[in-house]
Q: 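What follows is a structure written as structure tokens; I'll ask about it next.
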There are 2 protein chains.
Amino acid sequence: MPPAATAPAPRGPTPKTPRPTIRDIAARAGVSKSLVSLALGGAPRVAPGTRQAILDAAEELGYRRNAAAQALGAHRTRTIGVFVLDLHNPITADLLQAVQAEARRRDYRTIVVVGDEDAAAERAELEKLLEFRVEGIIALGHRLPDGAREAFTADCPAVVIGSQQEGVPHLVSMSNDDVAGASLAVDHLVALGHERIAHIDGGSSAVARDRRRGYRAAMRRHGLAEHITVVKGSFTDEGGYRGASQVLAGSDPPTALFVVNDLAALGVLAAVADRGLAVPGDVSVIGYDGTRMAGLRALGLTTVAQPLDELGTRAAALLCGRLEGEPPGSPVTRLTPTLVVRRTTAPPASRHPGGPGPGRGRGVTTSGGTARLKA
Amino acid sequence: MPPAATAPAPRGPTPKTPRPTIRDIAARAGVSKSLVSLALGGAPRVAPGTRQAILDAAEELGYRRNAAAQALGAHRTRTIGVFVLDLHNPITADLLQAVQAEARRRDYRTIVVVGDEDAAAERAELEKLLEFRVEGIIALGHRLPDGAREAFTADCPAVVIGSQQEGVPHLVSMSNDDVAGASLAVDHLVALGHERIAHIDGGSSAVARDRRRGYRAAMRRHGLAEHITVVKGSFTDEGGYRGASQVLAGSDPPTALFVVNDLAALGVLAAVADRGLAVPGDVSVIGYDGTRMAGLRALGLTTVAQPLDELGTRAAALLCGRLEGEPPGSPVTRLTPTLVVRRTTAPPASRHPGGPGPGRGRGVTTSGGTARLKA
DNA sequence: CTGAAAGCGCTTACAG
DNA sequence: CTGAAAGCGCTTACAG
């Protein structure tokens, strides 16, 4: 019976009406609690008629399973926890969506928890996941020091998406190949005719380090070692703005900028505009991540795209597989990024007037509106 | 004792080592389970020495409370569920951060769950929250029909942030005043000298409806009823692009566009550029929401800012208050939005050459770089 | 200040 | 195919 809508509003945390339990269902269906549990759980050997009666009774009572009781009784939760480090980073939404979809497909629940600037809060959130006894954790970034990482993964398997992590037991990583991605960016710029290509970097994280390395290696490979210029930046709009302002103010400024991520690239775009320069006429700009934002028509940012959907899906698949007892497999998986050429890259202004057009090498995708080159 | 790191990797969902329970702590500290529970829960009348011994034992054992058992024993979870409808909408991150911070301050846990395009998935996620027996729900948007909404809120109090909801018991809403916000936008444009101001709308949602109403009312108030033009759009980049393309292609196109949200405004910016027009030289554009994205230096979008932080904080405060037994109070709270003037609005090109500068009326904030007007 | 006991709502062998 | 019983890890009156 549904609670009377006209009952005086109750106060405090106690539920209005005691919720029905399997005991109530059992009484109504005239069977034992055990059978109710079996039927609700979809166990095979319950007589069809009995099962239906139980299901009907549950329906009529408005029964809703109590996850806590279930977890306690079954000794497992079938839920995986997702830790999100930076909700403002546009890649988070795509990753999370993919993770959730795959987990659902495999019949695991997910609960997400978000960190913020505060490192202590991050640990508290992770701790919360463990108190809920999630069976595994997927981290969309994190900033735990090595020691703490081990403490957590000792209790439940985890996969971190984004950066590679090696040597931590029960921790696997799922990332794109940042070195190769950086190379894609440099190759594209070089194919367009650029030589003075600078990199606005992201600081000390593993991801930033790999993109920086990839940039350096690619420059050397193209015989452009003398033009290697790494400018301090960050993964934010502000960082990109500052980095670009600085490098563009120097003598003999670069004709192209490879930026550590899309968000920072936005800041770079602004810095370029603020100096009265045109993109891509005077300076080409290329970001990293392949966020939706980069593809927004007002931006048209050329970028190195991570296979976000695949990263999320595979991370979840990997974790669920582990939980089902599949063998661990390789601790690190690295997917291949692709280049998405849009409107912020073009041949440098004052050279190769009849030079090579937009480079479209292997793995190159063009999207996001016509590639109108202002030059 | 920590598990030996060299033990053969266990398989399957069963935890490596049985986690310590309060019973283990009791044994180690030489007291009863009850006392352990009391001490861990911070109960006042436990002898200081005993308490310390218990805490030490817990520490040494690497004890971690089991949320499920706690919930079952205490008949409450002290957790509130947050439902997120659209992770891609930039306002979500700000709102979520504020909600979480306030909940933590009041000693409530939060768990978040995200919906996606699929309406069935949305219900499943909400259902999941209820299975976890969250004590309250905060919804960052939703698309449940009225009936379903009641079914959920009958079980636990909820506050939806964003749109106003009236007449649903136990459901309160926390929103910004969209009508007033739309008016702010129109007033600003009118103060700049615009008359042909069109609105790119957001469709059939309550939020879109209120912003549309506010626009119409403000236009009438300024004696510009004849110029009222509402163009079909949506809350996305694409919607804005299409709407703007359409209205700009007409004869006697508007000199200013008030767009339903920041994301759609980006599309509008692109559409304007694609027609070879300049912003704000030929067309002024103003968005809504006050997202970080709008403030990104590469964009500099003028926008009506919702007090996102306050919305999130107050929603959480309201809900927690309810849970602590505070009286319900008003079912709808509407906060006042403010205007943030940046670089996409300016006086119309061909009139008032020496007209009024950027209007800075009441409640106007200027931010995000110098307000360089291209005109 | 402390302990024994009951109970929360489920699941899962174990017997029929 | 079905039921009685034990147990999961906590909390909370209720007695000392």
Side-chain angles (χ1 to χ4, degrees), chain A residues 12-15 17-55 57-58 61-79 109 130-133 135 155, chain B residues 13-15 17-55 57-58 61-79 109 130-133 135:
Chain A
T14 322
T17 279
R19 296 211 51 86
T21 71
I22 54 168
R23 157 172 268 117
D24 299 311
I25 299 178
R28 183 176 249 261
V31 296
S32 71
K33 276 169 36 191
S34 320
L35 247 200
V36 172
S37 177
L38 256 12
L40 257 26
R45 38 256 225 46
V46 176
T50 315
R51 174 188 306 278
Q52 198 49 58
I54 292 173
L55 263 22
L61 255 21
Y63 174 76
R64 176 144 43 217
R65 165 179 56 181
N66 180 324
Q70 180 171 233
L72 210 53
H75 304 292
R76 61 171 307 185
T77 56
R78 274 203 93 78
T79 112
R109 292 188 190 102
L130 262 13
E131 289 185 356
F132 273 113
R133 296 297 187 267
E135 296 181 16
D155 291 324
Chain B
T14 322
T17 278
R19 297 210 51 88
T21 71
I22 54 168
R23 157 173 266 115
D24 299 312
I25 299 178
R28 184 177 249 261
V31 297
S32 70
K33 275 169 36 190
S34 320
L35 248 200
V36 172
S37 177
L38 256 14
L40 257 26
R45 37 254 222 53
V46 176
T50 314
R51 174 189 304 278
Q52 197 51 55
I54 291 173
L55 262 23
L61 255 21
Y63 173 75
R64 178 147 39 218
R65 166 178 55 179
N66 180 324
Q70 181 172 232
L72 210 53
H75 304 290
R76 62 173 306 186
T77 56
R78 273 203 92 80
T79 111
R109 293 188 189 100
L130 262 13
E131 289 185 355
F132 273 114
R133 296 295 189 267
E135 298 180 13

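First the proteins, then the strands, lettered A, B, ... as listed; each starts at 1.
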Q: Closest approach of B:Glu135 and B:Thr77, non-hydrogen atoms and distance?
A: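 Smallest interatomic distance, heavy atoms only, reads OE2-N, 2.9 Å.
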Q: Write down the atom of A:Arg19, the atom of A:Asp24, and the distance for their closest heavy-atom approach.
A: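 Taking every non-hydrogen atom into account, O-OD2, 4.2 Å.
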Q: Which heavy atom of B:Arg133 sits nearest a heavy atom of A:Arg65, and at what distance?
A: NH1-O, 3.3 Å
Q: Once each nucleotide of nucleotides 6-16 of chain D is scored for protein heavy atoms under 4.0 Å, what B/S/- sequence comes out, 5' to 3'?
A: -BBBBBB----
Q: Taking CZ from A:Arg45 and C1' from D:dG3, how many angstroms apart are they, rounded to a whole number?
A: 14 Å
Q: Of all the nucleotides listed (C:dG3, D:dT2, C:dT2), which has the minimum atom distance to the side chain of A:Ala47?
A: D:dT2
Q: Both distances under 3.5 Å, Watson-Crick or G-U wobble: on that basis, could you give the dot-bracket string for DNA chain C, with [ ] for crossing pairs and | for other-strand partners?
A: |||.||||||||.|||
Q: Measure across B:Ala29 and B:Ala53 and return the closest heavy-atom pair with its distance rounded to 0.1 Å.
A: CB-O, 4.1 Å
Q: For residues B:Ala68 and A:Ala71, report the shortest heavy-atom separation together with the two atoms involved.
A: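 B:Ala68 and A:Ala71 have their closest heavy atoms at CB-CB, 4.1 Å.
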Q: How far apart are the closest heavy atoms of A:Arg109 and A:Ala67, and which atoms are they?
A: NH2-CB, 4.0 Å
Q: Step by step, would you call A:Leu38 with A:Ile54 a side chain to side chain contact (heavy atoms under 4.5 Å, CB included)?
A: CA-CA 10 Å; A:Leu38 256 12; A:Ile54 292 173; over 6 Å; no
Q: Exactly one of A:Val46, A:Ile25, A:Leu55 should register a side chain to side chain contact (heavy atoms under 4.5 Å, CB included) with A:Val36. Which one does?
A: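 It is A:Ile25; the other options fail the test.
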